[in-house]
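Everything on this sheet refers to the single structure shown next.
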Amino acid sequence: MPRQIYLYTKSILERVSFDAKLFCKELEKATRMLLPYELDQLREWLLSFTQEKPELRQCIVFIES
């Protein structure tokens, strides 16, 4: 079940990546739902995903705090 939440979170973040403010909001919500090891996986995915979208890099602070 937790794996489903992780995959769902990634799909939501991909869908809202057109708007940095909404992306940050969804990422902040994800930090409350995911388990610590899932947050680590999400952090790695975010670093890769935001390579081509520098405007989203500012949102990574939500997952690092």
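The model shown is predicted, which means the values in this text are computed figures rather than measured ones.
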Which value, rounded to the nearest 0.5 Å, describes the distance between [X] atom [atom1] and [Y] atom [atom2]?
{"X": "Trp45", "Y": "Ile63", "atom1": "CH2", "atom2": "CD1", "value": "9.5 Å"}
{"X": "Leu56", "Y": "Phe18", "atom1": "CG", "atom2": "CZ", "value": "11.0 Å"}
{"X": "Ile12", "Y": "Leu27", "atom1": "CD1", "atom2": "CG", "value": "12.5 Å"}
{"X": "Leu34", "Y": "Thr9", "atom1": "CG", "atom2": "OG1", "value": "4.5 Å"}

Worksheet item: Under the side-chain hydrogen bond (donor to acceptor under 3.5 Å, both in side chains) test, which residues partner Gln41, sequence neighbours left out?
Response: Arg3

Response to the item:
Sequence neighbours excluded, the answer for ring pair (Phe, Tyr, Trp, His ring centres under 6.0 Å) partners of Tyr8 is none

Worksheet item: Taking the side chain as C-beta and beyond, is there a heavy-atom pair between Leu42 and Thr31 under 4.5 Å?
Response: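 The answer is no; the side chains never approach within 4.5 Å.
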
Worksheet entry | Flag side-chain contact, heavy atom, 4.5 Å: Glu44 against Leu47 | no

Discussion item. Checking Leu13 against Phe49 for the side chain to side chain contact (heavy atoms under 4.5 Å, CB included) test, could you report, in this order, the C-alpha distance in whole Å, the side-chain angles of both residues, the deciding distance, and whether it holds?
Written reply: CA-CA 10 Å; Leu13 291 172; Phe49 183 73; 5.7 Å; no

Discussion item. Run Lys25 and Glu28 through salt bridge (charged side-chain N to carboxylate O under 4.0 Å, His left out) and show every step you take.
Written reply: CA-CA 5 Å; Lys25 183 178 176 182; Glu28 188 176 14; over 6 Å; no

Fill in: Heavy-atom pair with the smallest gap, counting every atom of Cys59 and Ala20
SG-O, 3.5 Å

Output all residues satisfying salt bridge (Lys or Arg N to Asp or Glu O under 4.0 Å) with [X], sequence neighbours left out; order by chain, then residue number.
{"X": "Arg15", "answer": "none"}
{"X": "Asp19", "answer": "none"}
{"X": "Lys10", "answer": "none"}

Worksheet entry | Contact list for residues 45-62, test salt bridge (charged side-chain N to carboxylate O under 4.0 Å, His left out), sequence neighbours left out | none

